[in-house]
Amino acid sequence: MLERVRAPAGRELATAVLCGRHNALSPSQWATMEMEYIRITEDENDEPMEIPSEDDGTVLLSTVAAQFPGACGLRYRNPVNQCMRGVRLVEGILHAPESGWGNLVYVVNYPKDNKRKMDESDGSSAVKVKRAVKTSDLIVLGLPWKTTEQDLKDYFSTFGEVVMVQVKKDAKTGNSKGFGFVRFTDYETQVKVMSQRHMIDGRWCDCKFPNSKGPDEPVHSRKVFVGRVTEDISPDELRQFFTQYGEVVDVFIPKPFRAFAFVTFADDQVAQSLCGEDLIIKGVSVHVSNAEPKNNSRYLDRGGGRFGGNLALQFHGSCWNYNSPQMKMRLPVLPPWY
DNA sequence: GTTGAGCGTT
């Protein structure tokens, strides 16, 4: 069986795959294979297209993008639990799941929350598109008490595609606290919205960068802090979501629920690339930052200081001195658990 | 059941 599969002619090999004989192969046997065809589709209900792999069994994102312009990744439905899983992507190379590509149908991911929008861009085959125009959440100040998230969405949708709105409410009463957040798909929309005041339900409102955002100091860690997670996001869903960026080796959600989580990647570069990002999981905007606090002055210096210094120390339990000489030299300062 | 500058999460 193995000898047959090893036959160098790619076309014959593809035939074997199509006939389903590959199902008997182990992952190690797959590793010896030269080329196969992976079934890919934009929609699970559509007819898949076959895309060639590389000789080492990986699939180039550029190969996918050649057929699906704008593609930024792949996902597939896990036959065991029916959940969608992301395909590992490292530097433009898609890696097969543990059991090989198999005869699963893979679904193309597009940037911007999986919504295909390449028809209104230049159509240049992607990869870069994903982070080229990075938007961030904007705080909306001065909202009338009565304004709902639907109201916000309706209003801001007149400027461009909205990917997230929030109205901050009192946990007990559910009453609005008079401010919220909005996130747009396109950076141009964000710029426009920030450039003017907004009459919303009879009050003038302002959209600004939230104070909670600051330049993120690089720290060499595989673990990221994920803030603003909601209780309905399960550890498994977190894992599946973040797997689109790289292999996830651990997910930790404190109990009782505290609205944050930790995600550890196999590759520290993947972790670092996500720091500072606002990502949207199940419609919830979460913020990724370093697992170890950066400069606590973020909390102390900005916005009049929501917390006292001692309180900030209580939160973190420890405090890295980012003004220390070693930080200025950018020597790696590893958290104790790293 | 009120209010009107701020700031989501360690």
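In what follows, every chain begins at residue 1, and chains take the letters A, B, ... in the order their sequences are listed. All values reported here derive from a predicted model rather than from experimental measurement.
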### Task
Report yes or no: is the cationic atom of A:Lys168 (NZ for Lys, CZ for Arg) closer than 6.0 Å to the six-membered ring centre of A:Phe179, at no more than 45° off its axis?
no

### ring-ring contact (aromatic ring centres under 6.0 Å, His included) partners for A:Phe184, two or more places apart
A:Phe156

### A:Asp151 bridged to A:Lys146 by N-O distance under 4.0 Å
no

### Length of the CD1-P vector between A:Ile281 and B:dG8, whole Å
19 Å

### Message
Side chain of A:Arg228 only, heavy atoms from C-beta on: which candidate in B:dG4, B:dC7, B:dT9 is closest?
### Response
B:dT9

### Task
Starting from C1' on B:dA5, measure out to CG on A:Leu141 and report it in whole angstrom.
8 Å

### Query
Less than 4.0 Å between a side-chain N and a carboxylate O, is that true for A:Lys192 and A:Asp186?
no

### Task
Can you sort out which residues in residues 191-200 of chain A have a heavy atom within less than 4.0 Å of DNA chain B? Ascending by number, please.
none

#### Entry: For atom NZ of A:Lys177 and atom C1' of B:dG6, their distance in whole Å
11 Å

### Summary
When rounded to whole Å, the CZ to P distance for the pair A:Phe209 and B:dC7 reads 17 Å

### Task
Please work out which of the three classes, parallel, tilted or perpendicular, describes the rings of A:Tyr245 and A:Phe242, given edges at 30° and 60°.
tilted

#### Entry: Carboxylate-amine/guanidinium contact A:Arg88 A:Glu98, below 4.0 Å
no

### Summary
When rounded to whole Å, the CD to C1' distance for the pair A:Glu149 and B:dG8 reads 12 Å

### Message
Both A:Ala259 and A:Thr173 contact DNA chain B. Which one's nearest nucleotide lies toward the 5' end?
### Response
A:Thr173

### Message
Using a heavy-atom cut-off of 4.0 Å across all strands, would you classify A:Phe179 as base, sugar-phosphate, or nothing?
### Response
base

